[in-house]
Amino acid sequence: MAEQYVAAVDQGTNSTRCILFDRRGRLVSVAQREHHQLFPRPGWVEHDAGEIWNNVTRVVPGAIKQIGASPSQIVAIGIANQRETSLLWDRLTGRPIGHAVTWQDTRTDRLVTELAGTEGADRFADLCGLPLTTYFSAPRIKWMLDHTPGLRQRAERGEILFGTMESWLIWNFTGGAKGGLHATDVTNASRTMLMNIETLEWDDRLLEAFDVPRAILPEIRPSSGVFATATEVLPGVRIGAALGDQQAALFGQTCFSAGEAKCTYGTGSFLLLHTGQEIVRSKHGMLTTVAYQIGDHPASYALEGSMAVTGSLVQWFRDGLGMIHTAAEIETLARTVEDNGGAYIVPAFSGLFAPHWRSEARGVIAGLTGYITKGHLARAVLEATGFQTLEVVDAMNADSGIALTALKVDGGMTANNLLMQFLADLLDVRVVRPMVTETVSLGAAYAAGLAVGYWPDLEGLRSNWHRAGQWMPHMDPARRKTEYANWQAAVQRTFNWIRPEDQEL
Amino acid sequence: MPGTVQSIERAAAVLRLLAAAPDGLGVADLGNALGLAKTTVHGILRTLHQVGFVEQDHTGAHYHLSDAFGRLGESYLDPNELRSRAINWADSLASRSGEVVRVGRLVEGKVVVVHHVFRPDDSDQDLDVGTTLPPHATALGKAVLAYDASGASRPHKLEAFTTRTIIDPARLAEELAAVRARGWASEFEEYTVELASIAAPIRGLGGLVVGAVGLAGRVERICDSRLRHRADLVTMVRATADAIARDLREDA
Ligand SMILES: Nc1ncnc2c1ncn2[C@@H]1O[C@H](COP(=O)(O)OP(=O)(O)OP(=O)(O)O)[C@@H](O)[C@H]1O
Ligand SMILES: [Mg+2]
């Protein structure tokens with residue numbers, strides 16, 4: 001019998017990938033296409049959902065063709081996606097209403113301040129586990145409904161559908177306007193601010209607070225479980241899973257037990273700590289989020305430390321400043337000098353995420369002197385990712401009461417040895433990379449493969465995990481302390497940059 | 001003129017014009033100057049861009065010669081870029097073969113390890129990225145040495161590490177010819193007793209060898225009962241080198 005594979009579709013912020021995995025969880029082929037980042041105004045970041053779906057229809061056959069397989073060898077599709085990016089579309093025509101508004105977009109900052117009012121940004125945290133910030137979907141939905149004439153009425157009449165990217169993909173995979181399934185999963189729903197984190201259902205109090213008509217919302221399903229059978233792209237193949245990309249990475253790193261954690265280094269970076277079936281409320285700026293739900297089993301939860309700008313700072317260094325040609329060259333440039341020369345870059349491009357949650361902060365380069373060269377700035381760019389991780393790890397340790405002893409990492413930036421060594425030095429723990437760095441896709445594949453019986457259980461998946469690389473801490477503790485103090489001083493200088501009167505309506 | 005390639009002549013003309021225009025030139029400028037259709041010029045520019053000889057300004061409207069064009073003798077692929085492109089495929093090779101995987105390239109007579117994937121048995125291993133290996137005594141080294149046209153990177157003295165190390169230049173030349181003939185390199189207890197290795201060259205644009213990928217392990221795992229390098233491992237290593245090469249060419 002011909003070998004069978006699971007196809008993972010990773011719909012990311014910059015690109016869409018399809019990766020095929022075999023039964024041992026080994027990557028056998030990859031096809032990838034980037035989509036355009038649309039910046040209509042400062043602070044606004046949009047995607048063309050039509051372009052994204054079109055990319056899906058190309059990368060999936062592309063990955064299959066790469067190994068000369070046939071579509072009948074695909075046993076399931078697993079979807080992982082950039083989270084919180086929000087789209088409205090027309091139920092009848094299937095066409096998007098405007099562009100998708102991405103998770104990095106800050107157009108709702110004034111709305112968010114207004115909604116927080118006198119009760120503060122945490123007024124909904126008990127219900128949904130999240131603070132009010134521009135990061136999550138609900139304020140964005142309200143903004144879209146309020147800023148397109150007639151849209152709210154149409155939404156109330158049931159003519160409009162809302163979805164994050166997995167919903168858009170599932171809907172299109174199952175026929176779109178011709179009978180497509182309108183569904184999401186618990187992990188993605190947990191990022192909207194509309195789902196009750198305990199009942200895992202849309203909560204009327206939240207819908208009312210954000211003025212979101214229930215008629216536009218997708219059905220919430222478990223992350224791992226057959227959603228439907230595709231009619232497009234891979235007709236006849238079951239969609240076995242959908243998860244937010246970071247939850248997918250947690251799953252791909254086989255962090256199936258309470259206390260296990262990973263950090264994924266991509267456009268942004270996200271540290272997730274599995275907390276089992278317990279809903280842990282952070283006192284230190286971590287988010288409470290759903291980790292995954294397998295079929296009708298109880299959901300697992302996680303604490304999350306989100307860093308908005310890490311790999312995207314490298315991209316900015318490449319495209320915005322033109323200092324390098326490829327992201328990887330930053331390591332070559334950074335190695336031309338011994339240290340950061342006293343320069344620190346705090347990339348608060350969309351405000352600061354965890355643990356600060358300061359929407360009004362904007363980025364700074366601190367410690368500039370005439371001594372600073374490109375090489376020092378390249379170091380500062382990479383170190384910014386290290387320092388942000390340290391802040392999150394500190395907060396996570398304070399919340400969980402146990403200190404992290406090793407950090408499991410994955411994502412595109414783990415190809416950077418200088419950064420990985422710096423992380424180990426700064427955190428003073430081992431940093432460990434698994435045999436698959438594309439863990440987002442691996443997690444989506446695992447969850448989908450479980451749903452269709454390609455893999456029997458979680459224990460089997462655990463035995464696929466192997467260490468591919470490891471970095472040990474070497475930094476002198478005194479130096480670590482000074483560096484961190486410098487970073488913290490630089491962070492202070494980002495606060496209160498956007499004043500309330502400057503905010504867009 | 002029989003035997004010449006018109007598109008290369010045109011590309012050379014484009015390069016001359018760009019070299020003489022410090023502010024760069026647009027497609028129309030070049031088309032007018034050379035009497036060529038815009039689509040022809042565009043194709044030439046795209047190819048020159050892909051091989052790294054020309055760059056676009058941020059508007060995308062003007063082309064100029066790249067810095068790298070002035071330094072053609074240097075390696076055109078950043079080693080960290082090579083690692084980024086190789087990482088998925090090197091991981092996959094390690095988990096399929098169960099052996100240590102390395103990506104290396106030739107620098108001043110040594111093979112520098114650009115990427116290293118642990119043997120997937122979760123035993124204690126240390127990353128050796130940045131360390132060097134002797135090119136004449138490892139498969140990784142032979143796989144790059146075999147395609148080093150200049151000879152400038154040849155090791156000066158063939159040091160013996162075991163009794164099997166090739167220390168005779170003539171024998172090494174024969175060995176490298178064999179590597180070129182079959183497209184992959186092998187080594188048997190030539191660096192460390194009881195270990196063997198297999199490697200294949202990674203070919204970038206135009207066929208340039210930019211490095212090699214290979215695996216190493218205990219003789220009884222790398223070789224069959226007749227002490228020949230296992231065919232299934234050779235196939236895996238070559239497929240890995242091809243996959244990395246494909247990625248390099250596609251996204252260049
Ligand atoms: N060698 C490297 N050194 C530093 N940064 C790198 C390196 N390679 C890639 N990056 C950065 O990592 C990011 C790409 O990693 P990855 O593909 O995992 O991101 P991603 O978040 O999955 O992408 P998406 O946003 O599309 O989901 C880019 O932002 C890039 O700048
Ligand atoms: Mg991603």
Side-chain angles (χ1 to χ4, degrees), chain A residues 15 17 19-22 24-34 62 66-67 319-322 324-335 410-421 424 431-439 441-442 463-472, chain B residues 49 52 55-58 66-68 74-103 113-131 236 239-240 242-244 246-248 250-252:
Chain A
S15 71
R17 269 169 268 210
I19 303 187
L20 303 188
F21 291 96
D22 68 10
R24 301 279 295 275
R26 298 177 301 209
L27 173 153
V28 295
S29 77
V30 188
Q32 176 168 9
R33 284 183 77 88
E34 292 199 3
Q66 201 175 87
I67 50 163
D319 303 333
L321 298 188
I324 44 178
H325 293 90
T326 65
E329 268 178 39
I330 195 162
E331 184 171 348
T332 310
L333 184 54
R335 285 187 192 277
D410 53 78
M413 289 183 98
T414 57
N416 193 306
N417 280 318
L418 187 65
L419 173 60
M420 292 301 108
Q421 184 58 51
V431 169
V432 184
R433 182 178 84 77
M435 215 37 98
V436 174
T437 51
E438 297 277 1
T439 40
S441 292
L442 182 62
S463 62
N464 287 344
W465 191 100
H466 294 294
R467 189 162 58 213
Q470 170 164 280
W471 294 266
M472 307 300 277
Chain B
H49 184 255
E55 282 171 353
Q56 274 172 293
D57 65 8
H58 65 279
S66 67
D67 296 342
E74 294 173 24
S75 153
Y76 79 95
L77 183 69
D78 184 284
N80 293 306
E81 179 69 10
L82 178 57
R83 180 184 325 109
S84 257
R85 298 308 182 84
I87 197 165
N88 280 335
W89 306 112
D91 281 349
S92 198
L93 177 60
S95 51
R96 261 156 218 286
S97 65
E99 303 299 341
V100 176
V101 170
R102 288 186 182 83
V103 175
V113 177
V114 167
H115 183 47
H116 170 196
V117 186
F118 290 172
R119 192 173 53 250
D121 59 7
D122 299 326
S123 61
D124 270 334
Q125 297 165 65
D126 294 320
L127 273 189
D128 58 16
V129 174
T131 60
M236 277 183 219
T240 303
D242 289 345
I244 299 169
R246 191 183 54 233
D247 266 12
L248 283 170
E250 273 175 9
D251 306 347

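Residue numbers start from 1 in every chain, and the chains themselves are labelled A, B, ... in the order their sequence lines are given, proteins ahead of strands.
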Cationic N near anionic O, under 4.0 Å, B:R96 to A:D22: yes
Is B:D128 in contact with chain A via its backbone, its side chain, both, or neither, using a 4.5 Å heavy-atom distance? neither
Looking at A:A328 and B:S84, what are the two nearest heavy atoms and their distance? CB-OG, 3.9 Å
Most contact-rich option vs chain B, by heavy-atom pairs under 4.5 angstrom, among A:Q66, A:R24, A:R335, is A:Q66
Approximate separation, where rounding is to 0.5 Å, of B:D242 CG and B:D247 CG: 11.5 Å
Exercise: identify the closest heavy-atom pair between A:N464 and A:G25: ND2-N, 3.9 Å
What part of B:H115 is in contact with chain A, defined as an atom under 4.5 angstrom from a non-hydrogen atom: side chain, backbone, both or neither? side chain
Say you draw a straight line from CG of A:L419 to CH2 of A:W471; how long is it, rounded to the nearest 0.5 Å? 9.0 Å
Counting heavy-atom pairs under 4.5 Å with chain B, the top scorer among A:H466, A:E438, A:M472 is A:H466
Which portion of B:V117 sits near chain A, non-hydrogen atoms under 4.5 angstrom: both
